[in-house]
There are 2 protein chains.
Amino acid sequence: MPNGYNGTGTELLARKLDGCVRLNEAERAAILDLPYTVRNLPARHDIVRFGDQPSQCCLVLQGWVSRYAALSEGERQILSFYIAGDIPDLQSLHLERMDHHIATLTASTIAFVAHDELHRLFRRCPSLIGAMWRETLIDAAHYRERITSLGRRQALGRVAHLFCELYLRQRSMGLTSGLSCPMAPKQAELADALGLTSVHLNRVLRTLRMRGLVTLGGGVLTIEDWDELAAVAEFDPTFLHQTGLPVPTHETAVPL
Amino acid sequence: MPNGYNGTGTELLARKLDGCVRLNEAERAAILDLPYTVRNLPARHDIVRFGDQPSQCCLVLQGWVSRYAALSEGERQILSFYIAGDIPDLQSLHLERMDHHIATLTASTIAFVAHDELHRLFRRCPSLIGAMWRETLIDAAHYRERITSLGRRQALGRVAHLFCELYLRQRSMGLTSGLSCPMAPKQAELADALGLTSVHLNRVLRTLRMRGLVTLGGGVLTIEDWDELAAVAEFDPTFLHQTGLPVPTHETAVPL
DNA sequence: CGCGGCATTGACTGGTTTCAATTATCGTGG
DNA sequence: CCACGATAATTGAAACCAGTCAATGCCGCG
């Protein structure tokens, strides 16, 4: 299973943005020039907290990161998961105050880029604003799909849908291997993202396993039957706004 | 109850953007110069549909608009409500293909601005990009809060939370009157937004009424006890990213 | 007056939570 | 190599919140 990323942070960023908006040489160079700092953070470490007024954005180089809201009584709702190439708090560029938390799920490598540097980049290459803006819009598209899941699907469909999403997102970053991919979140964390209890999620996983749709264990998700899984999830990949890549089949899902 | 908006579309847009980013005269003039067309649309009319590739954005001048996802079997999930001053599909500026629908809830007046014109505006006044980008980020913040509601609050809290949100959003546009505000969505539509059935929503409304928190009827929501309502909702207005306005009390909630 | 849309209520069902207990799994140190 | 503790996964039984189905009431309107 591919894991980790060996290039520099700006290379990863350039690769990510290149995925949707074709970069020219000047843009690519400007991105590669961005100054940034890298930190290795342990698991379950808050990167940004509710109420903070960040002066930098973070880019996930390696590991899993979650965005979550904390409610009273220690409950939490995980709003989204982020993997290598994602920029969880781009929004802090224009929203002063954090209304939620961002934390590592696993030990992770995070690159930090100052807002000032990004604004400078935007002045040099105004066309990159659109690319970044687009990233935040895709984030919002993921939120919308989660709302639909929580509002109108029951547990089985919710879990199936999240698995489809996380598999395809990792696939587009070359992190999958056949129909398997890393799945770092524990059952309790998946439950917190899906609006379920870990007890019930566990039962749903058993159902999915017994029906021959997916197996989850040891931090690895394996999709046994994509078509059935997608059917249970009523999954339509449109909301991912990924360019090109076809939906996986046994032929297409082999390592890239 | 204030209802409707009498100025021009661009005036409303300028007023909206002025709320967060102070506009200078050039910016204001550029906005007021934007060419746009106005359409009066009947209730329950799709403005943009799943799969469309819009070449214009729409601005709500008057009425209620909803964003929704359609599932199989005629089910739908309403993702968000929009009122005067909101720009529901700003996202289409950078996401080619619609992954959901936008439709009027009530008879509405909608202004349409071509993407090209917005891009021209951005070239003239690059500082306005941030203001618009920010609008989409606030939209995303609303989504996040909805996810939290659907995932971790039960019906009573969900309903209370939505009422708090819609009241404050309308208040910031001067559409409230004391602790009352328009509430155009029918019970079935509120239920579709909250992941409930209309039957259960109806029971929740009765509970809220009997507890003396809110009354809903005739398209008007009246908040009887803000503090208690906010407590039931665990409402924290941070996510609205509104500037200035204090949370209402019996003193502050009088007509502006 | 009768019709259609919307709100309301009752009885019953069922998906999910809650509480509690048991069983893997894994890293660590003796 | 095994004992140990901590974390995570799994299972059972009972309670409950919300959904489903079905019927009634309300009200404006042609």
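Every chain is numbered from 1, with letters handed out A, B, ... down the list of sequences.
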*How long is the line joining CD of A:Q154 and C1' of D:dA18, in whole Å?*
12 Å
*Euclidean distance, atom CZ of residue A:R153 to atom P of D:dG19 [Å, nearest integer]*: 16 Å
*Looking across every strand, which nucleic acid part, if any, lies under 4.0 Å from B:G218 by heavy atom: base, sugar-phosphate, or nothing?*
nothing
*Between A:R152 and A:E189, name the one whose nearest nucleotide on DNA chain D is closer to the 5' end.*
A:E189
*Output the distance between atom OG1 (A:T176) and atom CD (A:Q170), rounded to the nearest 0.5 Å.*
7.5 Å
_Nearest-nucleotide comparison on DNA chain C, the residue closer to the 5′ end among B:R44 and A:V204_ = B:R44
*When the distance from CD of B:Q187 to P of C:dC6 is rounded to whole Å, what number comes out?*
11 Å
*To the nearest 0.5 Å, tell me how far A:S198 OG sits from A:K186 NZ.*
13.5 Å
*Using atom CG of B:L196 as one end and atom P of D:dT20 as the other, report the distance to the nearest whole Å.*
11 Å
Between protein and nucleotides 9-13 of chain C, what N or O pairs are separated by less than 3.5 Å?
| residue | atom | partner | partner atom | Å |
| --- | --- | --- | --- | --- |
| C:dT9 | OP2 | B:R206 | NH1 | 3.4 |
| C:dG10 | N7 | B:R203 | NH1 | 3.3 |
| C:dG10 | O6 | B:R203 | NH2 | 3.4 |
| C:dA11 | N6 | B:R203 | NH2 | 3.1 |

*Salt bridge B:D89-B:R67, side-chain N to carboxylate O under 4.0 Å*: no
*Is B:R153 salt-bridged to A:E75, going by a charged N under 4.0 Å from an acidic O?*
no
*When we call it a touch if two heavy atoms are under 4.0 Å apart, what does B:G219 touch: a base, just sugar-phosphate, or nothing?*
nothing
*asked:* Output the rounded distance in Å from CG (B:L208) to P (C:dT8).
replied: 12 Å
*For A:L190 and C:dT16, give me the distance from atom CG to atom P, rounded to whole Å.*
16 Å
*asked:* Rounded at 0.5 Å granularity, tell me how far NE2 in A:H241 sits from CD in A:E135.
replied: 11.5 Å
*For residues A:W64 and A:L166, determine if any side-chain heavy atom of one lies less than 4.5 Å from a side-chain heavy atom of the other.*
yes
*Just checking, is any N or O donor in the side chain of B:Y143 or A:D139 under 3.5 Å from an acceptor N or O on the other one?*
no
*Please give, in whole Å, the distance from D:dT7 C1' to A:K186 NZ?*
8 Å
*Between D:dT10 (P) and A:L201 (CG): distance, integer Å*: 9 Å
*Remember a base hit wins even if backbone is also touched, and classify A:L205 as base, sugar-phosphate or nothing at under 4.0 Å, heavy atoms.*
nothing
